[in-house]
Amino acid sequence: MQIKQTRDTMSEIYCEALRIRNTVFVKEQGVPFELEVGSPVDEAHSVHFVGYEAGKALATVRLLVDPSDKTHALVQRMAVLKEARGKGYANALLQQLLEFSKKSGITLLTLHAQLSAKELYEKFGFEVQGEIFKEAGIDHITMTYDKFGE
């Protein structure tokens, strides 16, 4: 898998990330488009990672660094197209995101995991924080990662 990243919301990579997110979150899961895309400011300040196989974009995740504390970031919008699930693409994206975060001086990652993805994040060392809650009508749990020095 080839992984590309961008901060440019006018780039082809970003457009591929949006296409994947629209397919998974809006069409499959019924999340309203406006909620899925969220703030244009957050989109513009995020690093968007997209995984490709044989030139086809199959998976994406975004990293939003906290503007007031550059050592903290949110992991958001992890999505893998249905036909590509179970093939390790989410693992590859998370590994690249963790490496990028460490090199960037980030010391704490936070995410809201859909319950179906909780085990994936635990495998990488993310830890559950708090209770299950609804986000876009879907059960989620807050998870954090602070193991960059280990």
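For the single chain, residues carry numbers from 1 onward in sequence order.
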For the atom pair [atom1] ([X]) and [atom2] ([Y]), what is the distance rounded to the nearest 0.5 Å?
X	Y	atom1	atom2	value
Cys15	Asn22	SG	CG	12.0 Å
Leu111	Thr142	CG	OG1	8.0 Å
Lys103	Leu98	NZ	CG	12.0 Å
Leu94	Glu99	CG	CD	11.0 Å

Quiz item: What's the verdict on side-chain contact (heavy atoms from CB on, under 4.5 Å) for Gln114 and Gln29, showing C-alpha distance, side-chain angles and the deciding distance?
Solution: CA-CA 11 Å; Gln114 290 187 15; Gln29 297 182 351; 2.8 Å; yes
Do [X] and [Y] make a side-chain contact, defined as non-hydrogen atoms from C-beta onward lying under 4.5 Å apart?
X	Y	value
Glu28	Lys82	yes
Leu97	Tyr145	no
Leu58	Ile20	no
Leu74	Leu109	no
Leu93	Ile3	yes
Gln5	Val61	no
Thr60	Arg21	yes
Leu63	Val75	yes

Contact summary for [X] and [Y], nearest pair of heavy atoms:
X	Y	answer
Ile13	His48	CG2-O, 4.4 Å
Ala113	Met143	CB-SD, 3.8 Å
Val65	Ala73	CA-CB, 3.8 Å
Val50	Ala57	CG1-CB, 3.7 Å
Met1	Gly51	CE-CA, 3.4 Å

Quiz prompt | Between Glu127 and Thr144: side-chain donor-acceptor atoms closer than 3.5 Å | solution =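 No donor-acceptor contact under 3.5 Å links the two side chains.
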Quiz item: Between the side chains of Gln2 and Glu53, is a donor N or O closer than 3.5 angstrom to an acceptor N or O?
Solution: no
Quiz item: Going through the checks in order, is the side-chain contact (heavy atoms from CB on, under 4.5 Å) test met by Leu115 and Ile132?
Solution: CA-CA 8 Å; Leu115 290 187; Ile132 295 170; 3.7 Å; yes
Quiz item: What pairs with Glu135 under salt bridge (charged side-chain N to carboxylate O under 4.0 Å, His left out), at least two apart in sequence or on another chain?
Solution: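 Salt bridge (charged side-chain N to carboxylate O under 4.0 Å, His left out) list for Glu135, sorted by chain: empty.
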Quiz item: Short question: side chain of Thr6, backbone of Asp8 - any donor-acceptor pair under 3.5 Å?
Solution: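 Yes: the side chain of Thr6 pairs with the backbone of Asp8.
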Quiz item: Is there a donor-acceptor contact under 3.5 Å from the side chain of Ser104 to the main chain of Ile106?
Solution: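 Side chain of Ser104 to backbone of Ile106, a donor-acceptor pair under 3.5 Å: no, none is there.
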Exercise. Go through the steps for Glu36 and Arg19 under the test salt bridge (Lys or Arg N to Asp or Glu O under 4.0 Å), then give the verdict.
Key: CA-CA 12 Å; Glu36 193 291 312; Arg19 183 185 58 76; over 6 Å; no
Practice problem: Evaluate side-chain contact (heavy atoms from CB on, under 4.5 Å) for Phe124 paired with Gln95, printing each intermediate quantity in order. | Solution: CA-CA 8 Å; Phe124 278 86; Gln95 188 61 48; 3.5 Å; yes
Practice problem: Linking directly or through intermediates, with side-chain heavy atoms under 4.5 Å: list the remaining ILVMFWY members grouped with Tyr14, chain and number order. | Solution: Leu18, Val26, Phe33, Val37
Distance-only donor-acceptor hits, side chain of residues 116-123, under 3.5 Å, sequence neighbours excluded:
{"unit_1": "Lys118", "atom_1": "NZ", "unit_2": "Glu122", "atom_2": "OE2", "d": "3.2"}
{"unit_1": "Lys123", "atom_1": "NZ", "unit_2": "Asn91", "atom_2": "OD1", "d": "3.2"}

Quiz prompt | Summary of salt bridge (charged side-chain N to carboxylate O under 4.0 Å, His left out) pairs that have at least one residue in residues 60-76, sequence neighbours excluded | solution = Glu43-Arg62
Practice problem: Before giving the answer on side-chain contact (heavy atoms from CB on, under 4.5 Å), spell out for Leu64 and His45 the whole-Å C-alpha distance, their side-chain angles and the decisive distance to 0.1 Å. | Solution: CA-CA 6 Å; Leu64 176 59; His45 286 98; 4.0 Å; yes
Practice problem: Report the residues that fulfil side chain to side chain donor-acceptor pair (under 3.5 Å) with Lys56, sequence neighbours left out, ordered by chain and then residue number. | Solution: Glu83
Self-check item: Residue pairs, two or more places apart or on separate chains, that pass ring-ring contact (aromatic ring centres under 6.0 Å, His included) and touch residues 63-119
Solution: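 Non-adjacent pairs meeting ring-ring contact (aromatic ring centres under 6.0 Å, His included): Phe49-Phe100, His112-Phe133.
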